[in-house]
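Take a look at the structure below.
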Amino acid sequence: FPTWKRTLARRTRESQMKRFCRAQAIQRRLEEIEVTFRELEQQGTKLEKLLRDENDSLADQQTQWTNQLLYLVQKKNNLMSEESDLMIAVQELKLEEQQCQLDEKLRSYMNKEDALKTPEDEKAEQEILKQLVEVVNKRNILIQLQEEKRLSEL
């Protein structure tokens, strides 16, 4: 087994592990966001109830409750934005994994001697190359989407 093949296999495993760890971290954060959403909903419900039920309370108290409610809405919006970013990251990870798999397949066909390639091999190689270009284009669209979102937030 040539050294370059071992190195390539090791790098492939390392990149798979990195993607796996990123996916786990994203999943954990999405779960944390879901829990925080529920907590914010509960707090918001309590504040809304206080604002509706306590008509005769002091204006300062109502202003304070209103400000707290607005703060909760802002916090929820920030979490929704983060969740959206994480969902884009999940899609990007899936496309990255798909790209790596296609790269491996394409490499196996390209490493084959041209004289030994059958017409089916050449057709498969072209199909894989076509799929690879599609995946790269999809990743590019996701990157553009993230950039547009970042610019709109500024």
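Just so we're clear, the structure is a prediction, and the values are computed from it rather than from any experiment. Sequence positions, counted from 1, serve as the residue numbers for this chain.
One finds a salt bridge joining Glu97 and Arg19 here, because a Lys/Arg side-chain nitrogen approaches an Asp/Glu carboxylate oxygen to under 4.0 Å. Salt-bridge annotation for Glu14 and Lys18: absent, with no side-chain N of the basic residue lying under 4.0 Å from a carboxylate O of the acidic one. A salt bridge between Glu125 and Lys105 is absent, with no side-chain N of the basic residue lying under 4.0 Å from a carboxylate O of the acidic one. Using a cut-off of 4.0 Å between Lys/Arg side-chain N and Asp/Glu carboxylate O, Arg29 and Glu83 are scored as not salt-bridged.
Gln64 has its side chain out of reach of Asp60: every pair of non-hydrogen atoms, C-beta onward, lies at least 4.5 Å apart. Contact annotation: the side chain of Thr7 approaches that of Arg11 to within less than 4.5 Å [non-hydrogen atoms, C-beta and beyond]. When side chains are defined from C-beta on, Lys49 does not count as touching Thr45, because their heavy atoms never get closer than 4.5 Å. Side-chain contact between Met87 and Ile26 is absent, with no heavy atoms from C-beta onward closer than 4.5 Å. Annotation: side chain of Gln146 is not in contact with side chain of Asp85 (no heavy-atom distance under 4.5 Å). The shortest side-chain heavy-atom distance between Ser84 and Lys149 falls under the 4.5 Å cut-off.
For the atom pair OG1 of Thr63 and CD of Gln61, the computed distance is 9.0 Å after rounding to the nearest 0.5 Å. To the nearest 0.5 Å, atom OH of residue Tyr71 and atom CG of residue Leu47 are 12.5 Å apart. With values rounded to the nearest 0.5 angstrom, Glu39 atom CD is found 7.0 Å from Gln43 atom CD. The CZ atom of Arg10 sits 10.5 Å away from atom OG1 of Thr3, with the distance rounded to the nearest 0.5 Å.
Between Leu72 and Gly44 the shortest heavy-atom distance is CD1-N, 3.6 Å. Taking every heavy atom of both residues into account, Lys112 and Lys117 meet most closely at O-CE, 3.5 Å. Tyr109 approaches Asp121 most closely through the heavy-atom pair CE2-OD1, 3.6 Å. Summarising the geometry of Leu51 relative to Trp65, their closest heavy-atom pair is CD2-CB, 3.8 Å, with the distance given to 0.1 Å.
Not a single side-chain contact (heavy atoms from CB on, under 4.5 Å) links Ser108 to another residue, sequence neighbours left out. Among residues two or more places apart in sequence or in another chain, the side-chain contact (heavy atoms from CB on, under 4.5 Å) test is passed with Arg22 by Leu93, Glu96. The side-chain contact (heavy atoms from CB on, under 4.5 Å) search around Ser152 returns none, not counting sequence neighbours. Among residues two or more places apart in sequence or in another chain, the side-chain contact (heavy atoms from CB on, under 4.5 Å) test is passed with Glu48 by Arg52, Leu69. By the side chain to side chain donor-acceptor pair (under 3.5 Å) test, Glu120 is found to be paired with Thr118, residues two or more places apart in sequence or in another chain being considered.
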Practice item. Check the pair Ile33 / Leu86 against side-chain contact (heavy atoms from CB on, under 4.5 Å), numbers first and verdict last. Key: CA-CA 10 Å; Ile33 287 173; Leu86 290 172; 3.8 Å; yes
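At least one donor-acceptor pair under 3.5 Å links the side chain of Thr36 to the backbone N or O of Glu32.
Residues Leu79 and Val73 fall into different hydrophobic clusters, defined by Ile, Leu, Val, Met, Phe, Trp and Tyr side chains chained together at heavy-atom separations under 4.5 Å.
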Review item, side-chain donor-acceptor pairs of residues 126-143, under 3.5 Å, at least two apart:
from	atom 1	to	atom 2	distance (Å)
Asn137	ND2	Val133	O	3.4
Arg139	NH1	Gln99	OE1	2.5

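Only one option out of Glu153, Glu147, Glu148 pairs with Arg150 in a side-chain hydrogen bond (donor to acceptor under 3.5 Å, both in side chains); it is Glu147.
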